[in-house]
Amino acid sequence: MMTDRTTRVVRAADIAGTLVFAIEGALAAANAGLDPIGFMVLGFVTALGGGLIRDLLIGASPPAAVGDWHYAVVVLVAASAIWIARPEADAIPSWLLTTLDAGGLALFAVAGTRKSLDYGLHPVPSLFLGTISGVGGGTMRDVLLTQVPRVLRVDVYATAALAAAAIVVLGHVWRLPSRGTAIIAAAVCFGLRMLAVHYGWQLPKGI
Amino acid sequence: MMTDRTTRVVRAADIAGTLVFAIEGALAAANAGLDPIGFMVLGFVTALGGGLIRDLLIGASPPAAVGDWHYAVVVLVAASAIWIARPEADAIPSWLLTTLDAGGLALFAVAGTRKSLDYGLHPVPSLFLGTISGVGGGTMRDVLLTQVPRVLRVDVYATAALAAAAIVVLGHVWRLPSRGTAIIAAAVCFGLRMLAVHYGWQLPKGI
Amino acid sequence: MMTDRTTRVVRAADIAGTLVFAIEGALAAANAGLDPIGFMVLGFVTALGGGLIRDLLIGASPPAAVGDWHYAVVVLVAASAIWIARPEADAIPSWLLTTLDAGGLALFAVAGTRKSLDYGLHPVPSLFLGTISGVGGGTMRDVLLTQVPRVLRVDVYATAALAAAAIVVLGHVWRLPSRGTAIIAAAVCFGLRMLAVHYGWQLPKGI
């Protein structure tokens with residue numbers, strides 16, 4: 001069902017997104033003044049939550065984050081590194097956090113959409129699963145911290161993930177090369193998100 | 001394992017419940033003043049959350065909401081319609097919202113119980129899965145909005161779903177016709193919920 | 001894949017943990033002044049949440065809590081008993097609650113790690129799944145009550161579960177007898193947790 005090439009693209013994007021989101025989750029734990037286990041918990045939830053939901057829903061059993069031990073090790077190493085480096089955490093500029101987050105969002109949105117299509121799902125649910133892959137981990141982290149999740153609070157967040165998912169789906173329907181499409185989709189998601197932060201773009205509000 | 005007839009009953013109730021709960025989720029987004037993506041997110045979570053949990057737990061892989069693209073399209077259309085109609089959203093009378101919600105609860109409780117039994121689960125867990133199908137999506141929506149979920153706050157809510165589930169289970173155990181049982185169960189759930197709202201019924205409290 | 005013996009160890013620990021956590025969840029409902037359905041909801045979530053996540057992630061389909069009706073009956077009986085006994089609930093000393101909770105944590109951490117290994121998962125994700133089994137139900141309960149979950153607030157909580165999981169994993173890698181290892185692991189988790197409460201142990205904080 002999956003060719004070796006798309007499997008490799010998905011896994012590489014997944015592992016890179018895991019690293020980026022694990023760092024972000026551990027930094028959220030530092031901001032909340034948690035202990036080392038809190039760094040691990042928020043690292044795991046942020047980094048693996050989106051992919052776990054995706055894999056449960058597409059029927060990839062066991063989910064990659066559980067069946068492939070590299071994911072857990074990446075999170076352990078990233079969370080430990082942030083714990084050790086936490087005295088310097090104040091010095092982390094906010095643009096770096098925003099950039100990491102936009103990067104993780106782009107990587108997971110692309111990997112999630114690609115994997116859903118590879119498991120034979122219809123383009124419409126694949127759109128929706130790609131977006132969930134991107135925003136799911138951060139949403140679970142915000143829920144644990146009893147904050148309204150970023151996906152509801154922040155403009156052009158799920159939108160950027162959805163744009164990447166749409167490009168991957170269109171590339172699939174039109175039979176464009178999957179690697180090139182993935183790179184363009186990730187670049188669009190990352191760029192949209194960064195521009196939205198920089199210029200303070202907002203979508204129209206309901207009321 | 002599932003006959004064509006019960007499959008059709010489950011799917012029809014599922015799709016109708018999805019429409020009703022997608023409208024309700026999008027109206028919650030309108031109340032919270034969210035952007036169009038917020039309408040989609042709350043529409044998806046409210047409409048598909050309960051069925052997704054049910055399908056994951058009974059081992060229906062992939063879950064209907066993901067394997068059958070009609071569900072996602074129903075949510076997209078409903079959330080878009082509510083977004084477009086949002087200037088009139090204030091004019092929506094509260095009895096309409098209550099009625100929609102009671103209808104969705106009844107449809108999902110019946111469909112969830114029926115599908116669990118059709119997948120060979122024992123009556124006791126089927127009761128519990130039918131109730132989760134009814135209340136799961138709204139619970140996930142309330143958690144995302146950091147509100148104590150309705151299932152814990154509102155009297156005669158999970159109770160009404162549980163009543164419907166119990167009727168479906170008894171009809172199954174006594175080998176009554178599944179379609180008639182489903183209609184009676186949905187009517188009891190809907191009626192209980194509407195009467196409870198109208199008369200302000202309350203269950204006794206723990207303290 | 002699973003021998004009869006380890007299956008029995010897992011199931012016995014799982015059922016015992018379910019009873020303990022169902023009592024704890026129902027007592028949380030009593031504290032929050034909920035109705036009888038609230039007792040059931042919090043009993044189910046607290047007792048079955050961790051095992052359900054574990055079984056979904058390791059691909060045990062259907063999950064034990066759904067495929068084996070004993071789990072649901074244990075929760076129904078425990079939640080009903082606490083509802084009936086709620087006038088005396090004030091008289092429950094806090095050390096009893098702490099002890100029950102430490103016991104449930106130990107039982108689920110051991111059963112979760114053992115079951116993950118028996119399903120052929122690598123030791124690293126098994127560590128992580130054992131810990132989730134222990135803390136998952138209580139985390140879901142706290143989220144429903146819109147509280148920051150204990151796993152982030154309380155020191156030496158996930159740590160104790162992780163210690164039990166590590167002992168089970170080491171016993172597995174070194175081929176020690178699984179029953180003896182399980183008993184030692186549960187005793188260490190329970191002891192660590194009780195000592196941490198008694199002496200007010202804290203892990204160092206991030207800031």
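Order of the sequence lines sets the chain letters (A, B, ...), proteins ahead of strands, with each chain counted from 1. Note that the structure is a prediction, hence the values are computed from the model and not measured.
Counting all heavy atoms, side chain and backbone alike, C/L152 lies closest to A/G38 at CD2-CA, 4.1 Å. Nearest approach of C/F128 to A/A65, heavy atoms of both residues: CE2-O, 4.2 Å. Nearest heavy-atom pair, C/L57 versus A/P62, reported as atom, atom and distance to 0.1 Å: O-CB, 3.7 Å. Closest non-hydrogen pair, A/S61 versus C/G59, comes out as OG-CA, 3.5 Å. Taking each heavy atom of C/A158 and A/I37 in turn, the nearest pair found is CB-CG2, 3.3 Å.
If you measure heavy-atom distances from A/I53 to chain C, you find no contacts under 4.5 Å at all. Heavy atoms of C/T146 lying under 4.5 Å from chain A belong exclusively to its backbone. For C/S126, no part sits under 4.5 Å from any heavy atom of chain A, backbone or side chain. For a residue to count as touching a neighbouring chain, one of its non-hydrogen atoms must lie under 4.5 Å from one of that chain's; by this rule A/F44 touches chain C with the side chain only. Of the atoms belonging to A/V41, it is side-chain heavy atoms, and not backbone ones, that fall under 4.5 Å from chain C. Proximity to chain A involves both the backbone and the side chain of C/L56, based on heavy atoms less than 4.5 angstrom apart. When heavy atoms are compared at a cutoff of 4.5 Å, C/L127 does not approach chain A at all.
Rounded to the nearest 0.5 angstrom, C/I132 CD1 and A/L52 CG are separated by 7.5 Å. In this structure, CG on A/D68 lies 9.5 Å from NE2 on C/H122, to the nearest 0.5 angstrom.
With respect to chain A, the highest number of heavy-atom pairs below 4.5 Å among C/V148, C/T131, C/L162, C/V135 belongs to C/V148. The greatest number of non-hydrogen atom pairs below 4.5 Å with chain C, out of A/P63, A/A72, A/G67, is found for A/P63.
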